[in-house]
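First the structure, in the form of structure tokens, and then the observations on it.
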Protein chains: 4
Amino acid sequence: MLARVSSTPSFKRLPRAVREQQMLDAAVKVFSRRGFHAASMDEIAEDAGISKPMVYAYLGTKEELFIACLHREAARMMLTIAGAADPDLPADQRLWRGLRAFFGFVGAHRDGWAVLYRQARGSPPFATELAAMRARLVEVVAGMFDHALRARGREIAATELEVVAYALVGAGESLADWLADHPEAEPERTATRMMNVAWLGAAQLLDGVTWRPPADD
Amino acid sequence: MLARVSSTPSFKRLPRAVREQQMLDAAVKVFSRRGFHAASMDEIAEDAGISKPMVYAYLGTKEELFIACLHREAARMMLTIAGAADPDLPADQRLWRGLRAFFGFVGAHRDGWAVLYRQARGSPPFATELAAMRARLVEVVAGMFDHALRARGREIAATELEVVAYALVGAGESLADWLADHPEAEPERTATRMMNVAWLGAAQLLDGVTWRPPADD
Amino acid sequence: MLARVSSTPSFKRLPRAVREQQMLDAAVKVFSRRGFHAASMDEIAEDAGISKPMVYAYLGTKEELFIACLHREAARMMLTIAGAADPDLPADQRLWRGLRAFFGFVGAHRDGWAVLYRQARGSPPFATELAAMRARLVEVVAGMFDHALRARGREIAATELEVVAYALVGAGESLADWLADHPEAEPERTATRMMNVAWLGAAQLLDGVTWRPPADD
Amino acid sequence: MLARVSSTPSFKRLPRAVREQQMLDAAVKVFSRRGFHAASMDEIAEDAGISKPMVYAYLGTKEELFIACLHREAARMMLTIAGAADPDLPADQRLWRGLRAFFGFVGAHRDGWAVLYRQARGSPPFATELAAMRARLVEVVAGMFDHALRARGREIAATELEVVAYALVGAGESLADWLADHPEAEPERTATRMMNVAWLGAAQLLDGVTWRPPADD
DNA sequence: TATGAATGAGGGTTCATTCAT
DNA sequence: TATGAATGAACCCTCATTCAT
């Protein structure tokens, strides 16, 4: 009889919560490596060290699984950012801390970022999910501006504010992409660069300086 | 299930160039509506009013077809932007015209934009293609800055410049997305908003003003 | 996807016989609602308020479970019918009582009937089971006729008798189906109708009247 | 080089209509042999001498395929029966011809009958389809009765008529099942037997004879 | 007794892609 | 040029069934 020399101690039965995290880890990894459609549930399951039916049992459909990834990564990110902001600091300090936390997160979770902000953008079912998350970010940024403006006795229409915030968030995402693609780049320096783009203009806006299109054009 | 309907009375035998444009039109439409993977060659062929083998004969693989779309749309966009910039104008005027052209293009080709900048981001095979195109844009923006800096006898390290340009391009893309999603928004106003974000800060940078992280942090 | 809800506070440790009946109740319900294949052991277990392994421990395989349902329902039905017939009554009275009992049973156990006579018919493994049960019914009906015929000094070949009985049973099943689908219908009236179909012809046959195909045809 | 001695002349590309019939033939065969769920699209495709995607392309989903079978078989059957009935004949002659045609059809298409009247009964999605077809049959039978009654200056309530017809149809189906299971049985004799069950009672009903439940019961 | 955890196996469905006409 | 016919290859998903506790 062939002796079965098993080196691995035969994986035990783990409680649901643990397995779910393992699955999400694997899913984020595979989704980010292959893209949503090219990723196969087989690969995810294998990578999680579990059989496919378990994935379905715990996290549902491939689409639902992807959304679960989205949510987990987004929640983590928002938590990181929220933890860094101190409402009592002056506006630029708050922005700086927020950005540092943001880029720090992206640098530490390049996979998660890829899932979150690259894959989700394309396909209709996720675009809305992503839009919702980005909206939260936009709101935070817009809120910061509004706060700073009021502190200076100034005010800007809500839509206007939102659009500016939208642009800044976009700039941030873009740099985050850049960061995710440059493994050697330091998150903190990236944050500084972003401040140079965002704050210098913002400070002007806060002081009431605006740019207007040339009249004759 | 294939419906057994007789197709349109047939405008047969068009010259190749025309057919190819029809196909690309259809492809852009379908890709933008469904996303790359959810789009089926069947739907594209049908929408182009042509049979599937023709699509393969003229434009090749689904992937190649998508890339063909990318190229056509990118070329159109670059052409539009390039046509708007006059190298003799002052920096802010050039930026303003470029942005106006850019948002005008996006407003007029929302489908194309969606294919170009949303779908392509996710899946590895296209990400590189897209990156190349964006690099060209970044280069243009960075070039503008460099030009303006030199005119003022100043200089910034190339990487630094690139990163800032990257951020601005990101902000622009973000607003373009916003524009693509708000059919009622006016491209020109969006361009103005973008100027307020980009130029006010940029002008500072051009004047040598920089933001630095607090020392004690 | 498995919902993570805590189940009912648990009426644990019931004696086996009780549990088995609960399971059979649930099984009959689910089988009749979904059909054999569409029914899942999960749903049955949940509906019985018990975990799946218990179902397997007590009633075995899905197929065995279905057969157990068949048997229980058939036994109940035969018991009901047998309890209604009094061998000393004249033939039409016996038939009438039997039918009344039969339709009464169907009306009271529409689920069970559905399992018994609708699901089982289709799939090979159960068709034989069902055939056996129906054979018992046919035999009873044929027996009644034979008895009545002999009482009149007449006789019919066994096969002939069986076929006629078979037809009558089919008519009964058909009306039972009709009854199962019309919740407002009264079992007793259905039985009367069945008598009008069955007995009027039967009485003729008992009296030696037969129908013959036209010679020239 | 191995010569490829192919005896079959390599199946040609057949027009859609032909292939569809081949597929339906195969489907009816497999469905009747295995039952709906146990039947696999693979087996059907193979049996039809074609690849699976063609089945999907032409006839759609497994469910749709089954329904297509139902419809084809039902249409054939109704055509056969309708072709046999001559409205000018007396009632019993019409019934006789109809039944002979019916049992003849079942005898000649045992597979089709099995699909039609056995499989469909169980699962919800098909039960309705089947019910509709059976309703047409019931209507025909009821119509015949109504016609004969009016010819005798008599009348019965529509529901009453329908229920009786329902029972007769059930009896017919039951004998058809019996016939399908007894390969050696002759359809014509079965039809004669059915007449003995159906007509003798029916004739009584037509003459106004009815059975009533005993008053004291 | 009772159950959460786990899986092998298989089926339906879709799609990009290519012949043969 | 143009297309209907045809397919190989995957992939998602489900389910009956069994351990290990």
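Note that the structure is predicted; figures quoted are calculated from it, not measured.
- The phosphate of F:dT17 has OP1 or OP2 within less than 4.0 Å of a side-chain N or O from C:Tyr56.
- A close approach under 4.0 Å does occur between a side-chain nitrogen or oxygen of B:Arg19 and OP1 or OP2 of F:dA2.
- Relative orientation of the D:Phe36 and D:Phe31 rings is parallel, given thresholds of 30° and 60° on the angle between their planes.
- At a cut-off of 3.5 angstrom, counting only N and O atoms as typed in the model, there is no donor on one side facing an acceptor on the other between the side-chain of C:Lys52 and the base of E:dT3.
- If A:Lys62 and B:Met54 are placed on DNA chain F by their nearest nucleotide, the residue sitting closer to the 5' end is B:Met54.
- Partner of C:Val28 under the side chain to side chain contact (heavy atoms under 4.5 Å, CB included) criterion, chosen from C:Met23, C:Arg72, C:His109: C:Arg72.
- Using a 4.0 Å cut-off, no side-chain N or O of C:Tyr58 falls inside it from OP1 or OP2 of E:dT1.
- Here the closest heavy-atom approach between residue D:Glu20 and residue D:Tyr58 is recorded as OE2-O, 3.8 Å.
- Interface residues of residues 24-37 of chain B facing DNA chain F, ordered by number: none; criterion, heavy-atom separation under 4.0 Å.
- Note on D:Glu43 versus D:Arg34: salt bridge recorded, some NZ/NE/NH1/NH2 to OD/OE distance being below 4.0 Å.
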Completion exercise
Note, DNA chain F 5' to 3' with Watson-Crick or G-U pairs under 3.5 Å encoded as ( ), [ ], | and . gives .||||||||||||||||||||
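- Each of C:Leu59, C:Leu24, C:Ile50, C:Val55 was compared with C:Arg19 under the side chain to side chain contact (heavy atoms under 4.5 Å, CB included) criterion, and only C:Ile50 meets it.
- An OP1 or OP2 oxygen of E:dG8 is reached within less than 4.0 angstrom by no side-chain nitrogen or oxygen of A:Ser51.
- Between the CD atom of B:Glu43 and the C1' atom of E:dC15 there is a distance of 13 Å, given to the nearest Å.
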